[in-house]
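Reading through the structure tokens given below for one structure.
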Amino acid sequence: MNEHSARAGRLAGKAAIVTGAAGGIGRATVEAFIREGARVVAMDLDAPLAATQFAASDVIKISCDLGDRAAIQTATDNAVAKLGGLDIFVASGAMKGGTGNFLDLTDHDWDRYIDINLTGTFLSCRAAARAMAAGGKGGRIITVGSINSFLSEPDAAAYVTAKGGVAMLTKAMAVDLAKYGILVNMIAPGPVDVTGNNTGYSEPKLAGEVRDEVALARPGLPHEVATAAVFLAEDGSSFITGSTISIDGGLSAMIFGGMRG
Ligand SMILES: NC(=O)c1ccc[n+]([C@@H]2O[C@H](COP(=O)([O-])OP(=O)(O)OC[C@H]3O[C@@H](n4cnc5c(N)ncnc54)[C@H](O)[C@@H]3O)[C@@H](O)[C@H]2O)c1
């Protein structure tokens, strides 16, 4: 993509921060934002960030552990200084995975998921919102919840509780930040194959669940989530705040039976 086409994109001239930028959805969001003309700071843990090559050479990498309260404000201040302001913030960074049956859920695992996935989202969004409010031009905050913000699944109490919290945090931020022109919305992915080649869903039990429980009978791909982030970030979506876009192939629309018959 040349400089001219980048300027002509739907996010031309915008400055964005994406957390979890070394992960599947975060990385696809960085790439989509760059294609649409934004300047982007990619945030993640040090090692995965260092190992990630973005298509554009001008993506700015800044390490930030979402479990480290002090580091979040410092990293955000650093990012905003490098970008010269902040228009868009995407909170995609999170720990995934199960923690075993509720009876066996440890204090340690509970604390880690709440600290990183919920408190880390709160602190990073607050730091971003403060920068946007100080800039006086409004902004867009996009949280990444999950289908698990609304529906549980076995052995995932800590993860789903944190994601449920992200859903209400999104609404609370939308209400409080409206007067600053900051619009806040959540993306709620269903199963998304972040390997990009379906290998994450080749395990027979998981593949069967996706076939039976997703109306489109396949996992989503990261770029199919990033496309919603671009939509929520662009100027045209100026009357959408406090909303959720589910990107789940119809999983939340049915009980079972996708693509059958
Ligand atoms: N892939 C899915 O099926 C799916 C479904 C629903 C929701 N989500 C959500 O989408 C978001 C992105 O997930 P993904 O699928 O791209 O997963 P991913 O594991 O590829 O990416 C998550 C990123 O978060 C980073 N991260 C983890 N702990 C961190 C910490 N303490 N500090 C900073 N960064 C940290 C990881 O390093 C990783 O790069 C997450 O919020 C996840 O909960 C994903």
Side-chain angles (χ1 to χ4, degrees), residues 10 18-33 35-36 44 48 52 55 90-102 113 117 121 142-168 170-171 185-234 237 240 242-261:
R10 292 155 68 190
V18 178
T19 73
I25 291 170
R27 182 179 173 174
T29 302
V30 171
E31 304 288 14
F33 280 9
R35 279 196 301 277
E36 295 296 345
D44 207 304
T52 301
V90 180
S92 187
M95 286 181 11
K96 298 195 301 188
T99 41
N101 184 273
F102 183 74
Y113 276 84
N117 292 7
T121 300
I142 300 161
T143 59
V144 182
S146 169
I147 193 72
N148 293 130
S149 295
F150 314 108
L151 300 170
S152 191
E153 63 181 275
D155 302 334
Y159 179 82
V160 305
T161 302
K163 288 296 182 184
V166 170
M168 278 315 298
T170 304
K171 293 185 185 191
N185 293 288
M186 185 172 87
I187 288 170
V192 174
D193 182 1
V194 292
T195 66
N197 59 12
N198 252 357
T199 53
Y201 289 88
S202 59
E203 188 271 316
K205 182 169 178 293
L206 200 54
E209 285 171 359
V210 166
R211 197 176 53 244
D212 290 346
E213 293 167 17
V214 177
L216 293 179
R218 66 170 177 86
L221 295 171
H223 73 85
E224 295 176 304
V225 181
T227 198
V230 171
F231 167 70
L232 289 171
E234 70 186 339
S237 53
I240 305 175
S243 288
T244 297
I245 299 183
S246 297
I247 305 174
D248 62 11
L251 185 153
S252 57
M254 68 177 201
I255 298 176
F256 43 60
M259 299 284 271
R260 286 186 187 154

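Note that this is a predicted model, so its numbers are computed, not measured. Values reported hereafter were calculated over all heavy atoms of this structure, with side chains retained and with hydrogens, waters and symmetry mates removed.
Atom CG of D212 sits about 8.0 Å away from atom CE of M254, to the nearest 0.5 Å. Note that the OG1 atom of T227 and the CG atom of L221 stand 12.5 Å from one another [nearest 0.5 Å]. One distance of note links CD1 of I245 with CE of M186; it measures 10.5 Å at 0.5 Å rounding.
When side chains are defined from C-beta on, K96 counts as touching V194, because their heavy atoms get closer than 4.5 Å. Residues P189 and V144 meet the side-chain proximity criterion, which asks for heavy atoms closer than 4.5 Å. Looking at heavy atoms from C-beta onward, L251 lies in side-chain contact with L151 at the 4.5 angstrom threshold. Annotation: side chain of T29 is not in contact with side chain of S92 (no heavy-atom distance under 4.5 Å). Residues I187 and I142 form a side-chain contact, since some pair of their non-hydrogen atoms from C-beta on lies under 4.5 Å apart.
Under the 3.5 Å distance criterion, the side-chain polar atoms of Y159 are left unmatched by any main-chain donor or acceptor of M95. The backbone N or O of E234 sits less than 3.5 Å from a side-chain atom of S237, completing a donor-acceptor pair. A distance-only check finds no donor-acceptor pair linking the side chain of N101 to the backbone of D155 [under 3.5 Å]. No donor-acceptor distance shorter than 3.5 angstrom exists from the side chain of N185 to the backbone of L232, with no hydrogens or angles considered. Proximity of a side-chain donor or acceptor of D44 to a complementary backbone N or O of A22 within less than 3.5 Å is detected.
Residues passing the salt bridge (Lys or Arg N to Asp or Glu O under 4.0 Å) test with E209 are K205, sequence neighbours excluded. Qualifying side-chain contact (heavy atoms from CB on, under 4.5 Å) partners for F102, counting only residues two or more places apart in sequence or in other chains: L105, A157. Residues that satisfy the side-chain hydrogen bond (donor to acceptor under 3.5 Å, both in side chains) test with S252, not counting sequence neighbours, are D248. For T170, the side-chain hydrogen bond (donor to acceptor under 3.5 Å, both in side chains) partners two or more places apart in sequence, or in a different chain, are T143. Under the rule for a side-chain hydrogen bond (donor to acceptor under 3.5 Å, both in side chains), E31 has no partner lying at least two apart in sequence or in another chain. Residues passing the side-chain hydrogen bond (donor to acceptor under 3.5 Å, both in side chains) test with S152, sequence neighbours excluded: none.
Nearest heavy-atom pair across Y113 and G98 is OH-O, 4.2 Å. Between P219 and V210, the shortest heavy-atom contact is N-CG1, 3.5 Å. Between V30 and A21 the shortest heavy-atom distance is CG2-CB, 3.8 Å.
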